[in-house]
2 protein chains.
Amino acid sequence: MKEILKLSNQLCFPIYSLSKEISNAYRPLLESLDVTYPQYLVLLVLWEYKKLNVREIGELLHLDSGTLTPLLKRLEAKSLVNRNRSTIDERIVEISLTHKGASLEESAECIPKQLKEKSSLTDQEQIQLTHIINKILNTIKT
Amino acid sequence: MKEILKLSNQLCFPIYSLSKEISNAYRPLLESLDVTYPQYLVLLVLWEYKKLNVREIGELLHLDSGTLTPLLKRLEAKSLVNRNRSTIDERIVEISLTHKGASLEESAECIPKQLKEKSSLTDQEQIQLTHIINKILNTIKT
DNA sequence: TAATATTGTATTGTACACAATTTAATTTTG
DNA sequence: CAAAATTAAATTGTGTACAATACAATATTA
């Protein structure tokens, strides 16, 4: 058995596991909002930027249209967002919050703190972690 | 706009992005083996442990039967693993490597180094990262 | 030992995630 | 200005991921 191929020697695996566990940790917190974790991320950027088209959301969240189109349709079905084709450039679909979607921000406010408590990290560790991850992200992109 | 809900203030998001980018970074390297990243993880544990049942693989990789059953069937269809129901306890399905699956380890040997180069991390940073991630993983599990 | 509980896997349903392709609209350029 | 190139979404197909459920086999216990 090649030592280098042992699971415990893979850097990728803890990251992969952690990402899944984070989604799982969000699930109960997002239940009251009736959204999934990726849907919550879309709401986050819409609360921040008010109005974005599909491409812009994809750039912010690193998601492509094959993921976003059905996800946004589900948010639309829940009356959380509006999907409107731009009249200036009809290729573009503008996504905006409905009143209901915008008002959900109030209920979401308590979520980040709850997650941070679950993570049990010190501020120092959180800064280190973000720094290292961003370093990888900046170089890994082909 | 609540500052705490800004995307850039979320710890979860870089982890989520990084996990996806790692899968993407593996894709071209795994193409020659004709496996996906989760399939590669299954092969990793099989190369290490030789023989595991479905439950054991799930515990090692934090995956449930709903994910593993079809994934293992795909590996079986590629003639990389055998699925055999245990004669001692017929509920158990033992997963073992075929000759082809075992021999793939040779070709995989070069992959971890290539990934590590893509990450551009120093050994020190890699240790820090693993440490912090494991700290979160140990506490986040409900 | 018969009734009950637990265990291990499979199945079903919903929701990402991304490659590849398609379609329509806009821009570029010859 | 028309042909070609580019752009933005949507669609299709494959493959995870997980909750919930089903089901059969084994273990427990009254």
Side-chain angles (χ1 to χ4, degrees), chain A residues 13 16-28 30-31 33-43 52-59 61-78 80-81 83-95 141-142, chain B residues 13 16-28 30-31 33-43 52-59 61-78 80-81 83-95 141-142:
Chain A
F13 178 64
Y16 165 78
S17 297
L18 180 57
S19 179
K20 287 189 304 172
E21 294 301 341
I22 288 177
S23 289
N24 293 344
Y26 266 101
R27 212 182 310 279
L30 294 176
E31 204 165 288
L33 308 189
D34 186 31
V35 293
T36 65
Y37 177 63
Q39 290 169 14
Y40 170 71
L41 291 178
V42 169
L43 292 179
L52 293 165
N53 62 45
V54 177
R55 178 186 55 73
E56 290 167 332
I57 295 174
E59 280 171 10
L61 302 182
H62 311 320
L63 293 171
D64 80 356
S65 65
T67 302
L68 282 174
T69 296
L71 187 159
L72 291 167
K73 284 181 176 173
R74 281 187 284 271
L75 287 179
E76 186 185 36
K78 293 178 195 174
L80 296 176
V81 306
R83 297 169 65 252
N84 294 111
R85 220 160 259 283
S86 162
T87 48
I88 299 147
D89 183 339
E90 294 201 358
R91 294 169 302 179
I92 295 172
V93 175
E94 298 282 6
I95 310 295
K141 299 281 200 65
T142 49
Chain B
F13 179 65
Y16 164 77
S17 298
L18 181 58
S19 179
K20 288 190 302 173
E21 294 300 341
I22 288 177
S23 290
N24 293 343
Y26 267 101
R27 212 183 311 280
L30 294 176
E31 204 165 287
L33 310 189
D34 187 29
V35 293
T36 65
Y37 176 63
Q39 290 168 13
Y40 169 70
L41 291 178
V42 170
L43 291 179
L52 293 166
N53 63 43
V54 177
R55 178 187 55 74
E56 290 167 333
I57 295 175
E59 279 171 11
L61 302 181
H62 311 321
L63 293 171
D64 79 358
S65 66
T67 302
L68 283 174
T69 297
L71 188 159
L72 292 167
K73 284 181 176 174
R74 280 187 283 272
L75 286 179
E76 186 185 36
K78 292 177 196 175
L80 297 177
V81 306
R83 296 169 66 251
N84 293 112
R85 220 161 259 281
S86 162
T87 47
I88 299 149
D89 183 339
E90 292 201 359
R91 294 169 303 180
I92 294 173
V93 175
E94 298 281 7
I95 310 296
K141 297 284 197 66
T142 48

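Residue numbers start from 1 in every chain, and the chains themselves are labelled A, B, ... in the order their sequence lines are given, proteins ahead of strands. Everything quoted here is computed from the prediction, not taken from an experiment.
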*Once the angle between the rings of A:Y16 and B:Y37 is folded into 0 to 90°, is it parallel (under 30°), tilted (30 to 60°) or perpendicular (over 60°)?*
perpendicular
*Would you kindly compare B:K20 and A:K78 by the position of their nearest DNA chain C nucleotide and give the one closer to the 5′ end?*
A:K78
*5' priority, DNA chain D, between B:T87 and A:E94 [closest heavy atom]*: A:E94
What nucleic acid atoms does [X] come within less than 4.0 Å of, heavy atoms only: base, sugar-phosphate, or nothing?
X	answer
A:R85	sugar-phosphate
B:I57	nothing
A:L61	nothing

*For A:V42, the option from A:T36, A:L52, A:L80, A:L71 that meets side chain to side chain contact (heavy atoms under 4.5 Å, CB included)*: A:L71
*side chain to side chain contact (heavy atoms under 4.5 Å, CB included), paired with B:I57, selected from B:L61, B:V54, B:N53*: B:L61
In whole angstrom, give the distance that lies between atom [atom1] of [X] and atom [atom2] of [N].
X	N	atom1	atom2	result
B:I22	C:dA17	CD1	C1'	15 Å
B:Y16	C:dA15	OH	P	15 Å
A:N53	D:dA8	CG	P	8 Å
A:R74	C:dA17	CZ	C1'	11 Å
B:N84	C:dG8	CG	C1'	16 Å
B:E21	C:dC18	CD	P	8 Å
A:R55	C:dC18	CZ	P	18 Å
A:L41	C:dA15	CG	P	16 Å

_For a quick test of reading the model: is some side-chain N or O of A:S23 closer than 4.0 Å to OP1 or OP2 of D:dC18?_
no
Among [options], which nucleotide has an atom closest to any side-chain atom of [X]?
X	options	result
A:Q39	C:dC18, D:dA9, C:dC16	C:dC16
A:R27	C:dT9, D:dC18, C:dC18	D:dC18
B:R83	C:dA15, D:dA8, C:dA10	C:dA10
B:K73	C:dC16, C:dT26, C:dT11	C:dT11

*Between B:Q39 and B:D34, what is the shortest heavy-atom contact and its length?*
OE1-O, 4.3 Å
*May I ask you to verify whether the side chain of B:R91 and the base of C:dT7 hold a donor-acceptor pair under 3.5 Å?*
yes
*Presence of salt bridge, A:E31 and A:R27, under 4.0 angstrom*: no
*Atom pair OH (A:Y26) and CG (A:L33), whose distance is rounded to the nearest 0.5 Å*: 11.5 Å
*Nearest 0.5 Å please: distance from the CD1 atom of B:I95 over to the CG atom of B:L68.*
8.5 Å
*Is there a side-chain contact between A:L72 and A:E76, using heavy atoms and a 4.5 Å cut-off?*
no
*When you measure from every atom of DNA chain D, which of residues 62-72 of chain A have a heavy atom less than 4.0 Å away?*
A:S65, A:G66, A:T69
